[in-house]
Number of protein chains: 2
Amino acid sequence: MSVLGKLRFKDQAFKLREDAILDATTKLLAAKGFDLITMDDVAEEVGLSKPSLYKHFKSKEDLVTEAMIRLLDGALAYLDELPAEMAPVERLKSLLEWALRVRLAGGLPFLPSTNTHVRAVLTQSLRYVTRALKLNRQLDAIVTDAKRKAELSSALPNDVILFSYYARTCDPAVEYLRLFGKYDDDAIVLHMQVVCFAGIGAGSPQPRQPG
Amino acid sequence: MSVLGKLRFKDQAFKLREDAILDATTKLLAAKGFDLITMDDVAEEVGLSKPSLYKHFKSKEDLVTEAMIRLLDGALAYLDELPAEMAPVERLKSLLEWALRVRLAGGLPFLPSTNTHVRAVLTQSLRYVTRALKLNRQLDAIVTDAKRKAELSSALPNDVILFSYYARTCDPAVEYLRLFGKYDDDAIVLHMQVVCFAGIGAGSPQPRQPG
DNA sequence: AAATAAAGCTACTAATTGGTAACATTCAAG
DNA sequence: CTTGAATGTTACCAATTAGTAGCTTTATTT
């Protein structure tokens, strides 16, 4: 094992620890939300002392921002890996399903929904904003394509569709159905897809078979 | 002016102060959220010292619970005053419009959407839970009626419809469209109604003319 | 083995927050 | 006018939290 190998091992250990911290942060953000999560919580969840976290992240805000950046990267990667021949509306449905399943597994939506404080923090990060704009551009293009193919409502402006779509990825109805309903994850995802694309009004629901 | 009149005047002053406190609380809850709102904030907004708030409410939780109860009472009252001959789906649309306009005016949705901490606090109050269940029963009956009249999707279970409906009353897309779009309140309400009842997919939108 | 560097922790600091004690002011009763 | 009650405030308390100083432990280098 060469010196280079040893250095890599140490770097790997550092990275592993960093990922463990980010995992714990994501889990706690989903459970408690940004305003109630504490660095003590994260430290305890990882199994380190609080000051040790500051070897990896310079502040709580830095930590949360990096966790959210990782989520956005996940969504961008997911979009990238969808088959090129997939119809635009199917892309949107697939990403929505992915996001909902992440949430049902205890994860976070890839965009913060309502917390103005989080938003203020995140928009201070160029790395975060760059990714969010990239994702938005890609989804906007997909929406435009889907409209052209009569897959999405042409009566709704793109930004209305996009913001509503984002809101469906973090729809609180998911938690309520989980807590108070009798549905498994597949059923919840299916219903949420219907609600997103066909609404709750009378019409022809367009269910997508769960993957 | 009789002694009784004086007592009533004092009671009125007390009630006026209490309403001012609740107004301030509602405004701050909408702006900062439950976890970031402080009693100092409320006191400053009202123009009293913090300890004075405790003459009216025994804790921060009591204050917030009463503010939310007042909102629920508002929603129940609004439902009550709708014309008896109004179609069920129109009732739902009317209440959604009311809720959205309240929010666009700086107010709060009548049900908390995602904050588990708020929910835990509110469910400790019998007065709150009683009202929430009452509203839910009324809306469930309306949904059942609307389904019978083929106004709502019969493919979606009632609770899916209801939780989605509640989520639309606090849809974060409203804030985003307000912040980043070029829409006035009427347009936002109209779009949100379409998104709620017809979804974002291709179909026949069922716009309701803004009142 | 000794010295140095890196990693990790205990103990601490400053600031904030919900709520209270004690004091001050205003109002009402005698 | 004096006294007591009611209302309101300043100052304070205890607990919590982000972040840091200084100490300890572990790993690496000489």
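Letters A, B, ... mirror the listed sequences (proteins, then strands); counts begin at 1. Only heavy atoms go into these numbers, but all of them, side chains included; no hydrogens, no water, no symmetry mates. Values in this document were obtained by computation on a predicted structure and should not be read as measured data.
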Between Met192(A) and Leu177(A), does the side-chain contact (heavy atoms from CB on, under 4.5 Å) criterion hold? Intermediate values first, please. CA-CA 10 Å; Met192(A) 289 294 107; Leu177(A) 290 174; 3.7 Å; yes
Nearest-neighbour nucleotide for the [X] side chain, [options] considered:
{"X": "Met39(A)", "options": "dA18(D), dG8(C), dG8(D)", "result": "dA18(D)"}
{"X": "Thr38(B)", "options": "dG8(D), dT10(C), dT17(C)", "result": "dT17(C)"}
{"X": "Leu48(A)", "options": "dG18(C), dC9(C), dA18(D)", "result": "dC9(C)"}
{"X": "Pro51(A)", "options": "dT20(C), dA11(C), dG8(C)", "result": "dA11(C)"}
{"X": "Tyr54(B)", "options": "dG19(C), dG8(C), dT9(D)", "result": "dG19(C)"}

Apply side-chain contact (heavy atoms from CB on, under 4.5 Å) to residues Lys147(A) and Asn158(A) and explain how you reach the verdict. CA-CA 9 Å; Lys147(A) 276 185 165 181; Asn158(A) 274 24; 3.0 Å; yes
Would you indicate whether the side-chain heavy atoms of Thr26(B) and Arg70(B) approach each other to under 4.5 Å?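 Yes; the side chains approach each other to less than 4.5 Å.
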Which heavy atom of Met68(B) sits nearest a heavy atom of Phe110(B), and at what distance? CE-O, 4.3 Å
Return no unless some side-chain N or O of [X] is found under 4.0 Å from OP1 or OP2 of [N].
{"X": "Lys60(A)", "N": "dA18(D)", "value": "yes"}
{"X": "Arg17(A)", "N": "dA7(C)", "value": "no"}
{"X": "Ser49(A)", "N": "dG8(C)", "value": "no"}

Criterion side chain to side chain donor-acceptor pair (under 3.5 Å) on Thr65(A) and Asp62(A), from CA distance to verdict: CA-CA 5 Å; Thr65(A) 300; Asp62(A) 184 39; 5.8 Å; no
Please report the distance, rounded to the nearest Å, between [atom1] in [X] and [atom2] in [N].
{"X": "Leu16(B)", "N": "dT7(D)", "atom1": "CG", "atom2": "P", "value": "14 Å"}
{"X": "His117(B)", "N": "dG18(C)", "atom1": "NE2", "atom2": "P", "value": "11 Å"}
{"X": "Asp35(A)", "N": "dT17(C)", "atom1": "CG", "atom2": "P", "value": "12 Å"}
{"X": "Leu36(B)", "N": "dT16(D)", "atom1": "CG", "atom2": "P", "value": "19 Å"}
{"X": "Lys55(B)", "N": "dT9(D)", "atom1": "NZ", "atom2": "P", "value": "9 Å"}
{"X": "Leu53(A)", "N": "dA7(C)", "atom1": "CG", "atom2": "P", "value": "15 Å"}
{"X": "Leu63(A)", "N": "dT17(D)", "atom1": "CG", "atom2": "C1'", "value": "15 Å"}

Please check: side-chain N/O of Ser94(A) versus main-chain N/O of Glu90(A), any donor-acceptor pairing under 3.5 Å? no
Taking any heavy-atom pair under 4.0 Å as a contact, classify Ile37(A): base, sugar-phosphate, or nothing. sugar-phosphate
Within 45° of the six-membered ring axis of Phe197(B) and under 6.0 Å from that ring's centre, is NZ or CZ of Arg168(B) located there? no
Pairwise N/O distances under 3.5 Å, protein to nucleotides 12-15 of chain C:
none

